[in-house]
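In what follows, chains are A, B, ... by sequence order, proteins preceding strands, each numbered from 1.
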Amino acid sequence: MLIDEKIARLRRRSERIISEDELRRRLEVAEKSGKPLRIKLGMDPTAPDVTLGHCVPLKIVRQFQEWGHKAVIIVGDYTARVGDPSGRNTLRPQLSEAQIDENAKTYVAQIGKVLLTDPEHLEVRYNGEWLAKMSMMEVIRLLGRKTVEQLLAREDFAKRFESKTPIFLHELFYPLLQGWDSVAIDADLEIGGSDQLFNNLVGREFQAELGRPGQMVIVTPLLVGTDGVVKMSKSKGNYIAVTDPPGGPSGMFGKVMRLPDALLESYYTLLTDLDLSDVRTEIAANPRDAKVKLAKLIITWLHTSADAEAAEREFMTATHGGVPENIPEMKITASPQRLAPLLVSAGFCASNGEAIRKIKEGAVRIDGEKVPPESFGQDRTFAAPVVLQLGNKRFVRLVPSESV
RNA sequence: GGGCGUGUAGCGAAGUGGCCAAACGCAUCAGACUGUAAAUCUGACGACUUAUGUCUUCGAAGGUUCGAAUCCUUCCGCGCCCA
């Protein structure tokens, strides 16, 4: 593939490339010398899930892998203890070491859904490897590389400073640590979300100060979450995780179908490689079908095409008032009991009171039959398995046990 | 260290002795409508086998009072200003 073609392809998911000329040059050199570029991507293991939002930069990394370059994934186990202030207007909570390590472990498996994982193409590093070893003197020298003014220039900090929201010193330190990662692993190019631009450029400056070629930076647009309003993130609960099941109440299919229409084009752009003019035509013609197609594409990508088909069938069944094929089972006793506690133990309702309210609202069905609202206080006996349903998303098969 | 503020349910924000399980907005869940989208309307939104019933909540602990989110004391967190 020609370099121009490669760059054109990258642009689809790039908000900024710093810089394009440099990238062109260094790709050329790499091709001639056969020495692959080292592509850095930092992952913050604050949350256990890798989301579709992470997939946008990951897809760029994958692209480079396919062109023969090496992905260097930095799991920020050490920096997570500091808390990335990016995009935050308040202090990020600090997690316990155990939680962070737990999360970090699952990351490698999750990113494997998007990246090539052979050692030729992937290197995974934990930044505690070098950061934990720094002496006080080294830390102070690192601090001496940036001025308060420079750090406050960053938008997040500037806003917080302006609005007198507290900024703790360790938060100011975060970009420096992340920049130092680039030095430690000798990155040629760093990929990140556009909210990482500042941090990424710090890495570039550090390298240059040490007389090396500064890393290039590509930042991607941020994927808007399922709420259609803010950046997809675990903490906002507006995310689709790469490990989400294909179907079911909180599965990928349903989540994609529930996306606001306005998000379709950006999802297609950032998460698929389909021709965009075709995509636009399809969306304009029938947003619903475009959504179904997107859901299947994503499931095929992160699971299998069979899963995509199954999820679609299940979804269509549920949509038309039917009961999906594969639903969880819950063992219950055969003796008479009230319905509300069952809704709670199925995880549909947080409390008995809420369950009773739902019954009163007519939101509960058994085998598709609406449970009469006034019958919430009656005992029921289940002789054979039945399907208990709340709304049109949540189903469970109640299986009465033989022994009482 | 001093002065002035402030801390209410997931978030924002009312309430400043009884009518407060606590207005209102957002978010959420459900019903109607629909394309399981948007918009709109309706209901719910601390817990309790739902009761014009009981219990636990308004940063924490004590106290005053027949009665406290509201008054007092101490403590903790946060903000601004002064040092």
Is any side-chain N of the basic residue among [X] and [Y] closer than 4.0 Å to the acidic one's carboxylate O?
X: E138(A); Y: R141(A); result: no
X: R26(A); Y: E22(A); result: yes
X: D188(A); Y: R38(A); result: no
X: D181(A); Y: R125(A); result: no

Euclidean distance for [atom1], [N] against [M] (whole angstrom):
N: U70(B); M: U6(B); atom1: C1'; result: 16 Å
N: A27(B); M: U16(B); atom1: P; result: 28 Å
N: A39(B); M: C29(B); atom1: P; result: 14 Å
N: U65(B); M: C26(B); atom1: C1'; result: 38 Å
N: C66(B); M: A60(B); atom1: C1'; result: 26 Å
N: G10(B); M: U28(B); atom1: P; result: 16 Å
N: C76(B); M: G17(B); atom1: P; result: 28 Å
N: G18(B); M: A13(B); atom1: P; result: 24 Å

Given atom [atom1] of [X] and atom [atom2] of [N], what is their separation to the nearest angstrom?
X: L343(A); N: U50(B); atom1: CG; atom2: P; value: 14 Å
X: R380(A); N: U49(B); atom1: CZ; atom2: P; value: 17 Å
X: F376(A); N: C48(B); atom1: CZ; atom2: P; value: 14 Å
X: N352(A); N: A44(B); atom1: CG; atom2: P; value: 18 Å

Would you write out the dot-bracket form of RNA chain B, 5' to 3', with Watson-Crick and G-U pairs under 3.5 Å, [ ] for crossing pairs, | for pairs to other strands and . for unpaired bases?
-> ((((((((.[[[..)..(.....]]].(((((.......))))).(((....)))...[[[[[..)....]]]]]))))))).
Any cation-pi pair here, K360(A) with F376(A), using under 6.0 Å and within 45°?
-> yes
Heavy-atom pair of closest approach, residues [X] and [Y]:
X: I18(A); Y: R204(A); value: O-NH1, 3.9 Å
X: L271(A); Y: W301(A); value: O-CZ3, 4.0 Å
X: L390(A); Y: C349(A); value: CD2-SG, 4.2 Å

For A355(A) and for S351(A), locate the closest nucleotide of RNA chain B by heavy-atom distance; then report the residue assigned to the nucleotide nearer the 5' terminus.
-> S351(A)
Starting at the 5' end of nucleotides 28-42 of chain B, put B wherever the base has a protein heavy atom under 4.0 Å, S where only the sugar-phosphate does, and a dash everywhere else.
-> -BSS---BBB-----
Using the test side-chain contact (heavy atoms from CB on, under 4.5 Å), find all partners of P36(A) that sit at least two apart in sequence or belong to another chain.
-> H69(A)
